[in-house]
Amino acid sequence: MQLKWTAVALAALALVACGKKEEAAAPAAPAPTAAAPAPAAPPADALVVKIGHVAPTSGAIAHLGKDNEFGARMAIEDLNAKGMKIGDKVAKFELLAEDDAADPKQGTAVAQKLVDSKVNGVVGHLNSGTTIPASKLYSDAGIPQISPSATNPKYTRQGFKTTFRVVADDTQLGGTLGKYAVETLKGKNIAVIDDRTAYGQGVAEEFEKAAKAAGGTIVGHEFTTDKSTDFNAILTKLKGAQPDILFFGGMDAVGGPMLKQVKQLGMNVKFMGGDGLCTGELAKLAGDAIGEDMVVCAEAGGVDGDFKAPLEAWKTKFKEKNGVDVQIYAPYVYDAVQVLAAAMAKAGSADPEKYLPEVGKVQYNGLTGPIAFDEKGDIKNGALTLYTYKNGARTQIAVVR
């Protein structure tokens with residue numbers, strides 16, 4: 001990811017890991033108010049629009065998948081409450097939510113299920129490793145697909161006209177972190193571990209390239225899996241190379257336990273990672289091994305200026321409705337659903353063949369900032385946000401574009 005620096009308002013995400021809640025003083029009892037009226041039911045001849053959503057809602061990173069699904073459900077509810085018209089008919093949006101368990105085989109299976117169900121559009125998948133193989137099925141069926149979180153560059157470089165993403169990719173993400181490791185953190189000897197997934201390997205490779213270009217030395221590159229729990233062998237090997245920075249390409253469910261073993265081995269390193277690591281849940285998974293300013297990570301996304309207040313208000317609404325704070329990508333899922341709907345409205349049709357051209361031309365101001373796509377389907381001028389952890393809470397360092 002090659003970049004300009006901006007600002008983001010996602011620090012509240014860290015509270016989910018700690019289970020913290022601000023408590024206000026008890027106010028005086030308010031006067032009773034009438035219950036809000038239920039939204040009007042769509043007319044009998046409403047145009048039914050099926051939006052597919054796929055994320056891992058089971059398994060080690062189910063907390064991230066559920067976060068995404070909550071965002072999709074809120075978008076569907078808001079669209080239906082507005083009584084949006086597509087052509088001359090009021091649209092009734094329906095969400096077809098599927099669980100891919102972050103597994104490529106299950107990902108293609110549920111993608112085929114959505115194709116067979118004749119969905120009008122798809123938001124997902126969460127992981128690059130499931131998004132990329134599923135994208136061919138959607139492309140063959142001509143169904144527009146917007147990923148809110150898959151960052152592997154390959155996703156939008158397959159020549160498919162149906163693939164879009166609303167976050168920056170690993171070229172920017174890994175590239176920013178690699179440069180930051182050398183130029184800001186003054187890392188000289190850098191070790192790398194990746195989990196061999198499409199995401200983990202991709203972001204690690206981009207990090208390594210950027211770190212080398214900035215003058216850093218890669219003293220070792222080891223591999224694990226996205227289901228591993230014991231890292232002592234590879235960490236011991238890397239410890240012998242005396243790195244001052246350790247980069248992990250993978251998700252928080254593996255990064256948390258890895259941090260604990262880094263501490264147990266007495267490795268004095270800055271621990272770095274991409275957006276899969278950069279969650280509120282990481283502090284909970286790592287416990288006291290999270291340290292103070294020890295972890296530096298980047299999230300693919302961020303807002304500034306006039307977009308900050310609306311995003312914060314939406315995140316408050318999200319917690320009131322779902323009982324948890326936003327983890328990472330729920331706002332991007334929300335925006336992805338809205339972008340599909342906006343393209344349908346512009347085309348006057350929910351037929352994928354008719355509205356697909358409008359997705360590529362969209363100019364949409366969402367919760368997460370301005371959304372427009374380049375010729376590959378990548379978001380233009382995508383933002384990144386750098387974080388560290390202080391007192392067990394994720395704390396923003398800077399924002400880049």
Side-chain angles (χ1 to χ4, degrees), residues 1-14 16 55 61 64-65 67-68 70-72 74-75 123-128 131 146-153 155-156 164-177 180 199 202-203 206 251-252 273-282 296-312 314-315 318 325-339 364-374 377-388 394-401:
M1 301 180 170
Q2 309 130 52
L3 343 164
K4 307 165 197 168
W5 300 76
T6 84
V8 79
L10 300 176
L13 302 177
V16 74
I61 56 171
L64 302 180
D67 182 60
N68 280 21
F70 287 149
M74 289 178 67
V123 174
H125 302 199
L126 188 151
N127 307 77
S128 296
T131 302
I146 302 179
S147 177
S149 49
T151 54
N152 190 299
Y155 167 56
T156 52
F164 303 89
R165 76 173 119 220
V166 290
V167 291
D169 71 12
D170 287 338
T171 305
Q172 187 176 350
L173 187 71
T176 297
L177 288 167
Y180 191 85
Y199 163 70
V203 73
E206 294 297 336
M251 306 299 285
D252 61 359
D275 52 337
L277 186 76
C278 208
T279 68
E281 192 76 1
L282 180 67
V296 176
C297 56
E299 174 184 303
V303 299
D304 55 8
D306 293 341
F307 290 94
K308 292 173 72 174
L311 177 59
E312 287 304 314
W314 185 86
K315 283 169 24 181
F318 180 98
D325 288 301
V326 170
Q327 277 284 319
I328 309 184
Y329 289 117
Y332 297 88
V333 177
Y334 182 94
D335 277 354
V337 174
Q338 297 285 349
V339 164
Y364 183 80
N365 284 334
L367 288 172
T368 59
I371 297 172
F373 302 110
D374 66 16
D378 284 323
I379 191 167
K380 293 179 179 178
N381 200 29
L384 296 176
T385 307
L386 295 172
Y387 289 96
T388 188
R394 206 175 66 150
T395 304
Q396 182 181 317
I397 300 172
V399 182
V400 292
R401 287 188 188 270

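What you are looking at is a predicted structure, and each value in this text was computed from that prediction instead of being measured.
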* **Pro148 and Val123, any side-chain heavy atoms less than 4.5 Å apart** => yes
* Minimum heavy-atom distance between Ile397 and Tyr180, given as atom pair plus value -> CG2-OH, 3.5 Å
* ring pair (Phe, Tyr, Trp, His ring centres under 6.0 Å) against Tyr364, all qualifying residues, sequence neighbours excluded -> none
* Structure fact -> Scanning both residues in full, the closest heavy-atom pair of Asp252 with Thr279 reads OD2-OG1, 2.7 Å
* **Set of side chain to side chain contact (heavy atoms under 4.5 Å, CB included) partners for Ala372, sequence neighbours left out** => Gln363, Lys380
* Structure fact -> With sequence neighbours left out, the residues meeting side chain to side chain contact (heavy atoms under 4.5 Å, CB included) with Ala330 are Asp67, Trp314, Phe318, Val326
* **Heavy-atom closest contact (Tyr387 atom, Cys278 atom, distance)** => CD1-SG, 3.6 Å
* Asked: Heavy atoms, side chains only, cut-off 4.5 Å: are Phe373 and Thr156 in contact?
  -> no
* To do: I would like to know whether Val203 and Thr151 meet side-chain contact (heavy atoms from CB on, under 4.5 Å); could you show each step before the answer?
  => CA-CA 8 Å; Val203 73; Thr151 54; 5.7 Å; no
* Verdict with reasoning, Asn68 to Ser149, per side-chain contact (heavy atoms from CB on, under 4.5 Å) -> CA-CA 9 Å; Asn68 280 21; Ser149 49; 3.8 Å; yes
* Structure fact -> For Asn365, the side-chain hydrogen bond (donor to acceptor under 3.5 Å, both in side chains) test, sequence neighbours excluded, returns none
* To do: State which residues pass side-chain hydrogen bond (donor to acceptor under 3.5 Å, both in side chains) with Thr368; sequence neighbours excluded, sorted by chain then number.
  => Asp335
* To do: State, with a plain yes or no, whether a side-chain heavy atom of Asp170 is found less than 4.5 Å away from one of Tyr199.
  => yes
* To do: State, to 0.1 Å, how close Val167 and Ala150 come at their nearest heavy-atom pair, and which atoms those are.
  => CG2-O, 4.4 Å
* Side-chain heavy atoms of Leu64 within contact of Tyr329, under 4.5 Å -> no
* **Over all atoms of both residues, closest heavy-atom pair of Gly273 and Leu277** => CA-CD2, 3.6 Å
* To do: Enter the distance from Ile379:CD1 to Phe164:CZ here, rounded to the nearest 0.5 Å.
  => 12.5 Å
* **Results of ring pair (Phe, Tyr, Trp, His ring centres under 6.0 Å) for Tyr155 - residues two or more places apart only** => none
* Is the side chain of Thr388 donor-acceptor paired with the backbone N or O of Thr395 at a distance under 3.5 Å, no angle test? -> no
* **Test item: Thr131 and Arg165 side chains (from C-beta on) under 4.5 Å apart, heavy atoms** => no
* Excluding sequence neighbours, so at least two apart, what forms side chain to side chain contact (heavy atoms under 4.5 Å, CB included) with Pro310? -> none
* Test item: Leu177 and Leu386 side chains (from C-beta on) under 4.5 Å apart, heavy atoms -> yes
* To do: Give the minimum heavy-atom separation between Val399 and Ala383, together with the two atoms involved.
  => CG1-CB, 4.5 Å
* Side chains of Asn127 and Ile61 in contact at under 4.5 Å (non-hydrogen atoms) -> yes
* Quick one: CG on Asp275 to CE on Met251, what's the gap to the nearest 0.5 Å? -> 7.0 Å
* Mind checking what makes side-chain hydrogen bond (donor to acceptor under 3.5 Å, both in side chains) contact with Tyr334, not counting sequence neighbours? -> Asp78, Gln338
